[in-house]
4 protein chains.
Amino acid sequence: MERSGLINLNDLIGSATDINKSNEPMTRREKSKAEKLQQIRSAALLVFLEKGYHKAAISDILRYTNLARGTFYLYYQDKSQIFDDLLADLYKDITLSLGQLEIENQKSKKAFYEQLKNLARTLLDVFRRHEKLVIILVSSSIGRDSVFDRRVEGFYEILTEVIRVLASRGIESGYLKPHNTLLLSRLLIGGLKEFIFQWLVKKRYTDDLEAEIESIVFIFMKGVEQ
Amino acid sequence: MERSGLINLNDLIGSATDINKSNEPMTRREKSKAEKLQQIRSAALLVFLEKGYHKAAISDILRYTNLARGTFYLYYQDKSQIFDDLLADLYKDITLSLGQLEIENQKSKKAFYEQLKNLARTLLDVFRRHEKLVIILVSSSIGRDSVFDRRVEGFYEILTEVIRVLASRGIESGYLKPHNTLLLSRLLIGGLKEFIFQWLVKKRYTDDLEAEIESIVFIFMKGVEQ
Amino acid sequence: MERSGLINLNDLIGSATDINKSNEPMTRREKSKAEKLQQIRSAALLVFLEKGYHKAAISDILRYTNLARGTFYLYYQDKSQIFDDLLADLYKDITLSLGQLEIENQKSKKAFYEQLKNLARTLLDVFRRHEKLVIILVSSSIGRDSVFDRRVEGFYEILTEVIRVLASRGIESGYLKPHNTLLLSRLLIGGLKEFIFQWLVKKRYTDDLEAEIESIVFIFMKGVEQ
Amino acid sequence: MERSGLINLNDLIGSATDINKSNEPMTRREKSKAEKLQQIRSAALLVFLEKGYHKAAISDILRYTNLARGTFYLYYQDKSQIFDDLLADLYKDITLSLGQLEIENQKSKKAFYEQLKNLARTLLDVFRRHEKLVIILVSSSIGRDSVFDRRVEGFYEILTEVIRVLASRGIESGYLKPHNTLLLSRLLIGGLKEFIFQWLVKKRYTDDLEAEIESIVFIFMKGVEQ
DNA sequence: CATGAATGAGGATTCATTCAT
DNA sequence: AATGAATGAATCCTCATTCAT
């Protein structure tokens, strides 16, 4: 019996900037550095949320800290780098969460459906934990060729790939109709993105989120099942 | 038997700017002015496409024409106005196309399904005719509060409303399960947006567009039918 | 017995732009031209009043007419010229009014005092007739070297000269102390200007204007009498 | 016996911007910054003097320094702010000077008259020390609603109020006729303004300034005395 | 004469980034 | 390492004036 995390996300995510991986204790200087870094990160998240990534100026971010303008450049080279850094956290969480979502070969269509619901709930939880960043992601452009836009796109690619793999297994097992899995997954991700946008940015659907999510999964499952 | 356009889009769209309705012949001067207007419009479309609306500077647009900086302001007051103007064209086309898509009260689930496919194909055609603008729309940020973002959002609202009305009829007629129609329509629009993005921006799915669209409609229909 | 207008103002005023001095009947074309001229003049007066001379743009003036931008330059070369033209009217009125204010050699201090009051009342009436222009004059900068500023200054020079001449006569006749007449006149003009400003621009002192004016003349007369 | 400064000017003036009150020694950097500030202030004063406040461009000011365009905005937000800053210096001086001009309840008309002369001389001295700024003030428009115009007007209001209070006391003590004190003070301020204008801007009356001032006070006193 | 489209110089302001301290 | 003053390119916008029609 196969037993593994859903998917190896590290392949997809690539090298998220990792600062301070080592477990050695920090010197005072390092601690101070880590604190400053954290100040900048928190401030950036707030500013991106308020003004949107593109309109956010580095000086806006610094205004929320008590650091000098030049200090920013000791930690990051530009705006896109700090966004990458913020994103890395989300990626780490997704990786962990989906990794823990252990998957068995589904014994039945029902089990497959349950797994799909589990996945949805898991993602929902991750998004809740990273609400600010997810808002920034779902209300941002994709497709242009700035570093930022590629990052946002990358985020969706990861989600798409997760769905695609799951759909492939469903088709292999004969639970799902043999659709184009990429199309399937994009369709679901698109719907999901719209849903998250309405939920987090527009603050709609706040009544019974779980039920709504279940509806979505149900519709999708019914739409694609064998 | 009721027979009417699908939906009165004029209510949603508002008065698209109408220039040059009169049939009187233009003087040479007026013709030159109209040409300059067209130059600016074309240039703006290109620049928005290349750099994205937010990064596009008015001087970028003017660089594509051989006009002086001040000239822009003879035609538009700012960047948002020219975008509105471009959008008005698309809206006019959508209005016309959907208006011609006459709808009968569906006699059967099958007829309802056909109608859904018709709608999808019609929108597809419109989008093909306005490819550049649609690319700009699907690859732009929403959720911030600039004029631009409200326009983009408005575009999706229109599409969402069209789907929502159709879904309502389907539910009333007993062909569809009584889902939350707003959720349904957002879900489909989200998926569609993602699809259009992949198709127009990423240039994927170019093999058999009609078949892909049919797949989408099929999945959606199957997912929500009674 | 000497009998003459108070002063020959034409010497002071110089060549106010005089258009249409001849009495020959106007052709239709000339009439149309005169009308356009009048349109511009009225519009300019309003705009100068609202925005102040310096902030007034030529296009502001033209917006109040139904003339094209280029047309302005058929009548005036720039903003200062039209101001000169407006001023010429006021000058003409002052000249006329003061010219009619016939002056005898004052037989007594009392008569001299009456004459001073007459002068004040006369000026007051002129200012009332040209309220808008006077407002523009009293609420404008002076002392810089633009054409406009020299015009404003010229206006005060005229008034100052009128007072100075009268004061000289008063001193010659022994009714007034032998003060520096230029100082005297500037002092009075300065006070008057402030008074007019408060009256016309700030809309104070509207209760009993004549009484206030009489107060001013009284104080001044008492201050300088022998 | 009452003994106090003439008037509490702080009520009228408001909080003049106070920079660098602390006595700690400046670092080299702070010193350089203070020098730059001073460069800008001096340049602004010169430019305002030459071109007038309204025609002065920020780039004109910067041309007199060797600073970059953006540097201005490190010190001031716009043109009006630097004018306010310059004005604050004058206000501080007026406050100090008039504050030191201690006033006793006047025992006689003569004493009152002396006090008036003292006031005039004091103001004259202040104006001499701030010649450039005073020139800018007396040759500027008032009455429009820009920030600048309100500042200029405020300056005259202060002077007017000083005179008005003194006149009130004179009337209370029976030395002056019971005129409308506001009218009185405006009249004197108007005359004074005109005088200062001629003296500082037109460079007249430079022979015996003290005597001229004495004349003015004498005329005024004689004009209004009981 | 009249028009009004076009021009382009000129002014304000912002902001990422550098670098001397 | 940290600072924050200084920079200057980039952008938006206005407006007097010209000139082909």
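Note that these values count all heavy atoms, side chains included, but never hydrogens, waters or copies made by symmetry. Just so we're on the same page: letters track the sequence lines, and every chain starts at 1.
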Practice prompt. Counting heavy atoms from C-beta on, name the nucleotide in dA16(E), dC12(F), dA12(E) closest to the side chain of Ser59(D).
Written response: dA12(E)
Item to complete: For Ile58(D), report the nucleic acid contact type (base, sugar-phosphate, nothing); a contact means any heavy atom under 4.0 Å.
Response: sugar-phosphate
Fill in: side-chain N/O Lys33(C) vs dC1(E) OP1/OP2, d < 4.0 Å
yes
Item to complete: May I ask you to say what Asn66(B) touches in the nucleic acid, namely base, sugar-phosphate or nothing, with a heavy-atom cut-off under 4.0 Å?
Response: sugar-phosphate
Worksheet item: Are OP1 or OP2 of dT3(F) and a side-chain N or O of Tyr73(A) less than 4.0 angstrom apart?
Response: no
Practice prompt. Give a yes/no answer on whether the side chain of Thr71(A) brings an N or O atom under 4.0 Å of OP1 or OP2 in dT3(F).
Written response: yes
Practice prompt. Would you please confirm or rule out a distance under 4.0 Å between OP1 or OP2 of dA16(E) and any side-chain N or O of Lys79(A)?
Written response: no
Worksheet entry | Rounded interatomic separation in angstrom, taking OH from Tyr76(A) and C1' from dT17(E) | 18 Å
Discussion item. Without decimals, in angstroms, what is the distance between Tyr53(A) OH and dA16(E) P?
Written reply: 10 Å
Worksheet item: What nucleic acid atoms does Tyr75(D) come within less than 4.0 Å of, heavy atoms only: base, sugar-phosphate, or nothing?
Response: sugar-phosphate
Worksheet entry | Euclidean distance, atom NZ of residue Lys36(B) to atom C1' of dT21(F) [Å, nearest integer] | 12 Å
Discussion item. Is the terminal nitrogen or CZ of Lys79(D) (NZ for Lys, CZ for Arg) located under 6.0 angstrom from the six-membered ring centre of Phe72(D) and within 45° of that ring's axis?
Written reply: no
